[in-house]
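Quick caveat, the model's predicted, so the values are computed rather than measured.
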Amino acid sequence: MRTYDPKDVNVIVDGKFLTGFAEGTFVSCEKEEDNFETYVGAQGEVVRSKNAHPIGTITVTLEHTSPSNDVLNRLANSNKVFSARMVDRGSRQTTIGGSECWIQKPADEERGAETSEVEWTIVVADYEKR
């Protein structure tokens, strides 16, 4: 039997561990395109081409009160390229991310009667999953 513990999941951006994650899905990682493209000729021969497109994204959802919003906002307003990784030290031992990353845009903000969520999209130019 395996047990998942969200405390085993860390998101590290520019050497800093993010904190103050929102309830529910707080991090998602996605490669932008498929690894291979398929071509089928007129007589049914199949050719598989390796797709060299390396870009992916890491999307992080924080509480609007999280101090990590300040870290990400500073990066969003800079021209800095930095490293970003999602590391799951739990049963699957997964690391996703890269060393050439930037914030897509400053996060949208909203306020209401309760704590709101802030979503950040980090573009990863050299996306890899290990």
Side-chain angles (χ1 to χ4, degrees):
M1 182 172 93
R2 295 181 181 178
T3 302
Y4 168 73
D5 185 348
K7 291 181 181 179
D8 288 337
V9 178
N10 290 300
V11 180
I12 307 152
V13 175
D14 197 29
K16 296 167 185 66
F17 285 74
L18 301 186
T19 61
F21 294 106
E23 187 176 51
T25 300
F26 58 88
V27 62
S28 63
C29 306
E30 180 179 14
K31 190 163 189 293
E32 204 168 89
E33 293 195 15
D34 295 337
N35 288 339
F36 296 94
E37 298 294 330
T38 305
Y39 175 84
V40 180
Q43 295 183 331
E45 60 280 329
V46 176
V47 177
R48 178 178 86 151
S49 300
K50 183 157 177 55
N51 188 342
H53 188 77
I55 294 178
T57 57
I58 298 173
T59 303
V60 179
T61 308
L62 302 174
E63 299 168 348
H64 88 263
T65 57
S66 169
S68 295
N69 286 309
D70 293 336
V71 171
L72 296 175
N73 194 53
R74 277 193 295 277
L75 288 170
N77 291 318
S78 75
N79 290 324
K80 186 173 182 179
V81 174
F82 52 86
S83 66
R85 299 198 185 287
M86 185 279 301
V87 179
D88 184 348
R89 300 257 182 242
S91 61
R92 292 201 48 223
Q93 298 287 317
T94 304
T95 300
I96 301 172
S99 60
E100 297 178 1
C101 307
W102 60 89
I103 305 289
Q104 182 72 27
K105 66 175 184 143
D108 296 335
E109 299 271 351
E110 64 179 38
R111 298 291 185 271
E114 298 178 359
T115 299
S116 58
E117 298 177 352
V118 180
E119 185 175 275
W120 296 92
T121 300
I122 302 167
V123 178
V124 184
D126 57 344
Y127 188 93
E128 66 176 354
K129 179 178 177 179
R130 294 183 265 145

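Clustering ILVMFWY residues whenever any of their side-chain heavy atoms sit less than 4.5 angstrom apart, transitively, puts Val87 in a cluster other than the one holding Leu62. In the hydrophobic clustering of this structure, Ile12 does not group with Ile96; members are Ile, Leu, Val, Met, Phe, Trp, Tyr whose side-chain heavy atoms approach within less than 4.5 Å, directly or through other members.
Here the straight-line distance linking atom CZ of Arg89 with atom CG of Asp8 works out to 9.5 Å at 0.5 Å rounding. Residue Glu32 holds its CD atom at 8.5 Å from CD of Glu30, rounded to the nearest 0.5 Å. If you take CD1 on Ile58 and CD on Gln104, they are separated by 13.0 Å, rounding to the nearest 0.5 Å. Taking NZ from Lys50 and CG from Asn35, the interatomic distance works out to 5.5 Å, rounded to the nearest 0.5 Å. The CG atom of Leu18 lies 9.0 Å from the CG atom of Asn69; values are rounded to the nearest 0.5 Å. To the nearest 0.5 angstrom, Met86 atom CE is 8.5 Å from Phe26 atom CZ.
For the 3.5 Å distance criterion, the side chains of His64 and Glu109 fail to qualify, holding no donor opposite an acceptor.
Side chain of Ser66 to backbone of Ser68: a donor-acceptor contact under 3.5 angstrom is found. Using a distance-only test at 3.5 Å, with no hydrogens or angles considered, no donor-acceptor pair links the side chain of Asp14 to the main chain of Phe82. Under a 3.5 Å cut-off, the side chain of Lys16 and the backbone N or O of Leu72 do not form any donor-acceptor pair. Judged by distance alone, with hydrogens and angles left aside, the side-chain atoms of Ser116 form a donor-acceptor pair with the main-chain N or O of Glu110 at under 3.5 Å. Not one N or O on the side chain of Asp126 forms a donor-acceptor pair closer than 3.5 Å with the backbone of Cys101.
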Give the intermediate values and the outcome of side-chain contact (heavy atoms from CB on, under 4.5 Å) for residues Phe21 and Val11.
CA-CA 10 Å; Phe21 294 106; Val11 180; 3.9 Å; yes
Check the pair Thr61, Thr25 against side-chain contact (heavy atoms from CB on, under 4.5 Å), reporting the backbone distance first and the verdict last.
CA-CA 7 Å; Thr61 308; Thr25 300; over 6 Å; no
Report the C-alpha distance between Asn79 and Trp102 in whole Å, list the side-chain angles of each, state the deciding distance to 0.1 Å, and finish with yes or no for side-chain contact (heavy atoms from CB on, under 4.5 Å).
CA-CA 8 Å; Asn79 290 324; Trp102 60 89; over 6 Å; no
How far apart are the C-alpha atoms of Trp120 and Asn73, what are their side-chain angles, what is the distance that settles it, and do they pass the side-chain hydrogen bond (donor to acceptor under 3.5 Å, both in side chains) test?
CA-CA 9 Å; Trp120 296 92; Asn73 194 53; over 6 Å; no
Using the side-chain contact (heavy atoms from CB on, under 4.5 Å) rule, take Glu128 and Arg85 through it: C-alpha gap first, then chi angles, then the decisive distance, then the call.
CA-CA 9 Å; Glu128 66 176 354; Arg85 299 198 185 287; 4.0 Å; yes
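Summarising the local packing, CZ of Phe17 is surrounded by 12 or fewer heavy atoms from other residues, nucleotides or ligands at distances under 6.0 Å. The 12-atom threshold is exceeded at CZ of Phe36, counting heavy atoms of other residues, nucleotides or ligands nearer than 6.0 Å. In the displayed structure, Arg48 atom CZ is contacted under 6.0 Å by at most 12 heavy atoms of other residues, nucleotides or ligands. Other residues, nucleotides and ligands place more than 12 heavy atoms under 6.0 Å from the CD atom of Glu45.
For the residue pair Pro54 and Ala125, the shortest heavy atom distance occurs at CG-O, 3.2 Å. Closest approach of Val124 to Gly98, counting heavy atoms only: CG1-N, 3.5 Å. Pairing each heavy atom of Glu100 with each of Val81, the nearest pair is CA-CG1, 3.6 Å.
In this view, Asp108 and Lys105 satisfy the salt bridge (charged side-chain N to carboxylate O under 4.0 Å, His left out) rule, not counting sequence neighbours.
If you run side-chain contact (heavy atoms from CB on, under 4.5 Å) between Thr121 and each of Val60, Ile103, Thr59, only Thr59 comes through.
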